[in-house]
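Numbering of ligands and ligand atoms starts at 1, following listing order. In what follows, every heavy atom counts, from backbone to side chain, and hydrogens, waters and symmetry copies are set aside. For this chain, numbers begin at 1 and follow the sequence in order.
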Amino acid sequence: MSVVTRFAPSPTGRLHVGNIRTALHNFLFARKHGGTFILRVDDTDRERSTAEFDQAIRDDLEWMGLSPGKIVRQSERFHLHEREFERLKDAGRVYACYETPEELELRRKVLLGRGLPPVYERKPADAPVPEGRAPHWRFRLDHDSPIVFDDLIRGEQRFDPKLLSDPVVRREDGSWLYLLPSVIDDVDLGITHVVRGEDHVSNSAAQIQMFEALGAKSPRFAHEALLVAAEGKLSKRLGSYGAEHVRAEGIEPMAMLSVLARIGTSQSVEPAATLDELAAGFDFATFGRAPAHFDPKEVELVNSRLLHKLDYAAVADELPDEASEEDWLLLRPNLERMSDFGPWFAVLHGEVEPPELGHDERLLVKDGAAIAEKLDWAVEPWRSLTGQLKESSGKKGRELFHPLRLALTGRESGPEMAGLVERMGRDRAVRRLEAAAKR
Ligand code: GLU
């Protein structure tokens, strides 16, 4: 059996970490098993769905490398939903209902008041049809046996269908609710695994009966625990944390994905350079039942750890044309974001602002300039420079190194000086030392 998964967002907003995580898990599971990952755009709600969000979702997935093998849109499949709906109607598995929302609410309150489960009560087949009212439609659950399924994350799940209301699948105006078209499409697309949030567990119970009623085999389910902000409930802020934000912050998509792939599992979060790396270790058996805690700070930490291990080949496209592999290897341990590279690259091959030094420091770097001028830059220039300057000035340690670092890089700290000095070249070094001596 070839694995087919789908990610099914509604184009009523941008993707945020919560649904990016679901997309990622669907993608990784399919990738691990050599299967297909489908993007199903759930745009049955014609009023709230927009072409812009539809586009933004596709762009965001693409930017993160979560490219779907296939894209379908529910709004283009209404004919199929209609056909299957008729079939279920003929078989008596969907039926017309005429209650108003107020009547239903009242009944609910009465049942709750009596301490009974607020389950929808079916009307007898010969109940009178109220005049002038269009029906909405419910799926008739089979009450005869419990609904049991083996969730890949939650283990055995068991529901008594008598305690579930027959779900409404279609409104008076003919528009669809989510449950039934989702199942019809899952059948048609040959979905083998449905991976989604645990808020869908009881939907799955009803949907399993829909798969059966359509004569199809139910897919396997994996309901993941929800994502919460490290400090509490998935806050508004986290709801707006998505690809757009990460992109604007200059964070690598793989940093966010590395975090989202592993939080809430028994595996530790490690920076992964590729989706294949994440897919290799992906396993629902490691997923926990407790909410996964998401912390944007963790993404930033993973981002710098990721940059520190990325090969030149992985980043060459993003670097200035003149940047060499040596430049990258020298500078990468110092980067928190990719955007830190540019300013460091200028330290090697561009200009830096001369620092303001104290009187003694100025004298020291002036001597340094004179020594540097005469050095053979091909053999350990930093060692020679500091060695000779130590001798002539009698200074050592921080007193010696700090003014040199400041003058040569314009910064208090950074990568090891030997590499920097070697790569910036003699002319640049001398110029900087002289400039700092004069300021
Ligand atoms: N559009 C549904 C949602 O976003 C899809 C749920 C599913 O994966 O079946 O909740």
Side chain to side chain contact (heavy atoms under 4.5 Å, CB included) partner of Leu257, chosen from Met64, Arg262, Glu252: Met64
Flag if over 12 foreign heavy atoms under 6.0 Å of CZ, Arg171: yes
To the nearest 0.1 Å, how far is atom 9 (O) of ligand 1 from its closest protein heavy atom, and which atom is that? Tyr178 OH, 2.5 Å
Sorted by chain and number, sequence neighbours left out, side chain to side chain donor-acceptor pair (under 3.5 Å) with Arg158 holds for Glu156
Which atoms of ligand 1 have any heavy atom of Arg6 under 4.0 Å away? 7 (C), 8 (O), 9 (O)
So His25 and Phe287, would you call those rings parallel, tilted or perpendicular, with 30° and 60° as cut-offs? perpendicular
Taking 4.0 angstrom as the limit and counting only heavy atoms of Ser10, give me the atoms of ligand 1 inside it, by number and element. 1 (N)
As an exercise, identify every atom of ligand 1 less than 4.0 angstrom from a heavy atom of Asp42. 1 (N), 2 (C), 5 (C)
Please write down residue, atom name and distance for the protein heavy atom closest to atom 4 (O) of ligand 1. Ala8 O, 3.5 Å
Please state whether the rings of Tyr178 and His200 are parallel, tilted or perpendicular, taking 30° and 60° as the class boundaries. tilted
Arg31 to Phe282 six-membered ring, cation-pi geometry met (6.0 Å, 45°): no
Heavy-atom contacts with Arg196 under 4.0 Å: which atoms of ligand 1 show up? List them by number with element. 7 (C), 8 (O), 9 (O)
Check ligand 1 against His200 and write out every atom of the ligand that is under 4.0 Å from a heavy-atom position of the residue. 3 (C), 6 (C), 10 (O)
